[in-house]
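Within every chain, numbering begins at 1; the chains are lettered A, B, ... in the order of the sequence lines, protein sequences first and strands thereafter. Hydrogens, waters and symmetry mates play no part in the numbers below; they use all other heavy atoms, side chains included.
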2 protein chains.
Amino acid sequence: MRKVTLADVAAKVGVSAITVSRALRSPEKVSKTLQRKIKKAIADLGYVPDPAARALASGRTNVIGVLIPSVTNNVFSDVMRGMYEAIEPTTFDLQLGNTRYSPLMEEDLLKVFLSQKPAGLVITGIDQSKTARTMLQSATCPIVQIMETGPNPIDMMIGFSHYDAAAAATTHLIDAGSRFPAFVGARMDPRTQRRFAGFKDTCERAGVFSRERLITTPEPSTVTLGASLFANLISQQPEIDAVLCNNDDLALGILFEAQRRHMAIPEELMICGFNDLEMMAVAEPPVTSVRTHRHEMGRRSIEMLVRQIENPDAEASKIIDLGFDVISRRSTARRGPRLGS
Amino acid sequence: MRKVTLADVAAKVGVSAITVSRALRSPEKVSKTLQRKIKKAIADLGYVPDPAARALASGRTNVIGVLIPSVTNNVFSDVMRGMYEAIEPTTFDLQLGNTRYSPLMEEDLLKVFLSQKPAGLVITGIDQSKTARTMLQSATCPIVQIMETGPNPIDMMIGFSHYDAAAAATTHLIDAGSRFPAFVGARMDPRTQRRFAGFKDTCERAGVFSRERLITTPEPSTVTLGASLFANLISQQPEIDAVLCNNDDLALGILFEAQRRHMAIPEELMICGFNDLEMMAVAEPPVTSVRTHRHEMGRRSIEMLVRQIENPDAEASKIIDLGFDVISRRSTARRGPRLGS
DNA sequence: AACATTTATGACAGCGCTAACATTCCGCTG
DNA sequence: CAGCGGAATGTTAGCGCTGTCATAAATGTT
């Protein structure tokens, strides 16, 4: 039982191989009658096209490469879910590359991906290395940068401003009465840095910034880490009355640690997360967070690519800012400045 | 600037294409001198092999296909992390397929994957459809089934017994004094069913089973869902003194809901999760859970495959039971039967 | 009716690489 | 020193498919 090839199908129907190929690739060029017969023969023989042969002959694949810095991070699983959802009704496949937050690995993976002549590429963030940018710029397929918007797009872009989002969250905390806000950050990647910048600038403008109320670590963020970072921070700086977290894992850890210390939330400590993972709304008390449109970002990034691939000259917006929303919940529901300050 | 091919490299060095091919594929067959020269030429020209051409010519790829039911579920992100870790030092690539818990999608994806002549396959669980099993059995590459162990392996297998794990957790609850244990389950896939069976049988043996204290839903599990399922359940069956959860998301939701209702944990309600996600240890109170070796499962599944691919006739254990551990924490730290019962 | 245009199919070559076999060259044995 | 074995390299062919151009048939046009 040898592999079934196009030629076998063609022989069975009594046409040439190329016609079968056409029936699959561009059915509108083949008569209805033949299409039906060919479809039947394919089913009967159990023919499955060989993607390698197709790629070699046509010089392109139906693979969309996706470069993300982490497969573990909850944020990216939401984005990926959106992508898988969008890819499903199409004929394209997704191929994931994990850069582990390393520009070097990003370059290597990019080289591998480009050698496969992908139909499109998704790449995370706007901080590619010079080499990576050059490779991307000379690529012949459409490219989307996700997670962030910024100047100098390589091709397309969908995301939001991390600076603005953090600034808005910080304003929310200050408006709620915080005079001693803190920032807790893990894995300070470029996006996190920009969030911190938004926090810092906003605090400075309100005259409430202190470098003492900042704790960061290069480790990847976890709930446990949030708890222990906060434990450190609060023992050094007991005056802290609000925390803006890099992300929701940390925020949840801080919530647990605060509960352990019997700190009243929000009365003694306000907590604000980032990303608005599902669990924040149901925590006790519910935790304020910055909602980012991760699922939509994933879905639309693929949709943008597919549209561009199938219709290269159509006019379509190439840069999409999805924005964000500060979702205010009980963990920051304090009014006015704290008593006695 | 045309694509650089093997022939270009060969021409530059002054040898034939096949020699360059060999220098890449099986360096031991090429003299040291040539190897050096060829390596240099490859670097100079920036040659990158074309995987499609290789696949077509050799009839195999260096792709390991992975079929999992969900890319979102925390459980699988841990497994995937282990896989990515194990694949990194090798020359193989991972290709993910998301079956969405559907045997039909599993079949389709399997067909696609097999058409690519993968170097190996990872497939989740032991409940493949008849068609899928037939396809797998006639595949020429090594295959690992993960997440579970059971009879009739297709090829290799790494996992643990969900029945035993749930039974052990249930025993733990009963030993801790539960007389009215409940089971909360979401997305009742086959593994979940077996966990429930372990719970049921153990309860029955102890004379504490009641179908009234069981709540399940086909929806995917989330923290929110845990909270609302528990709210339903406890209002119907207020006597419940312990809950075994399908997984940790649900357990966390139940913890939050119990806090909202000011139920003392573990005094009024014991909670036991499943999987022992990172956050369970740091929750307040820390939540008992069944630790499963997800990361190791992912890592070792790939290692098993790679070993088998590179050394097909070596004797190696083909079925590995990684076991589990009931990690007892404060959420089940009650001693003896409840007062007054 | 003669010709142009469109639609449907086919012939041929070649994508970049490697399997299989062939050749060359070397040192070594008896 | 003929003959042999093994290491290093080459020749040839072909993997399964699609791009390109050619051809044949159907339809429209004046």
Contact under 4.0 Å: [X] side-chain N or O vs [N] OP1/OP2:
X	N	value
A/S21	D/dT18	yes
B/R60	C/dA19	yes
A/S31	C/dT7	no

_Polar side chain donor-acceptor pair, B/T292 to B/R294, under 3.5 angstrom_ = yes
*asked:* Is any side-chain heavy atom of B/T90 closer than 4.5 Å to one of B/E310?
replied: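 In short, these two side chains do not touch, never coming nearer than 4.5 Å.
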_Qualifying residues under side chain to side chain donor-acceptor pair (under 3.5 Å), relative to A/Q35, sequence neighbours excluded_ = none
*nucleotides 23-28 of chain C: protein proximity per nucleotide (B base, S sugar-phosphate only, - neither; heavy atom, under 4.0 Å)*: ------
*Quick one: which of A/V20, A/I38, A/D8, A/I42 gives a side-chain contact (heavy atoms from CB on, under 4.5 Å) with A/Y47?*
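Looking at A/V20, A/I38, A/D8, A/I42, the match for A/Y47 under the side-chain contact (heavy atoms from CB on, under 4.5 Å) is A/I42.
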Roughly how many Å is it from [atom1] in [X] to [atom2] in [N], rounded to a whole number?
X	N	atom1	atom2	result
A/L34	C/dT9	CG	C1'	8 Å
A/R25	D/dG16	CZ	C1'	12 Å
A/K29	C/dT7	NZ	C1'	11 Å
B/I38	D/dT9	CD1	C1'	10 Å
A/R54	C/dG16	CZ	C1'	18 Å
A/E28	C/dA8	CD	C1'	12 Å
B/D8	C/dG16	CG	P	9 Å
A/R22	D/dC21	CZ	P	14 Å

_Under 3.5 Å: donor-acceptor pair, side chain of A/Q145, backbone of A/I154_ = yes
*Where do A/E106 and A/T124 land on the side chain to side chain contact (heavy atoms under 4.5 Å, CB included) test, with the steps shown first?*
CA-CA 10 Å; A/E106 186 164 86; A/T124 302; 5.6 Å; no
_Need one value for B/S16: base, sugar-phosphate or nothing, where a base atom within 4.0 Å counts as base even if backbone is also close, heavy atoms only._
base
*Relative to the 5' end of DNA chain D, which residue comes earlier, B/G14 or A/V20, by the nucleotide with the nearest heavy atom?*
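Mapping each residue to its closest nucleotide by heavy atoms, the 5'-most match is B/G14.
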Under-3.5 Å N/O pairs linking protein and nucleotides 12-15 of chain D:
residue: D/dC15; atom: O2; partner: B/L56; partner atom: O; Å: 3.4
residue: D/dC15; atom: O2; partner: B/A57; partner atom: N; Å: 3.4

*Applying side-chain contact (heavy atoms from CB on, under 4.5 Å), name anything that partners B/K39, two or more places apart in sequence or on another chain.*
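Expected list: none.
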_Counterpart residues, side-chain contact (heavy atoms from CB on, under 4.5 Å), relative to A/T61 (two or more places apart)_ =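 Expected list: A/A55, A/V63.
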*Taking only residues at least two apart or on different chains, which pairs with a member in residues 120-160 of chain A satisfy ring-ring contact (aromatic ring centres under 6.0 Å, His included)?*
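Residue pairs with at least one partner in residues 120-160 of chain A: A/F160-A/H162.
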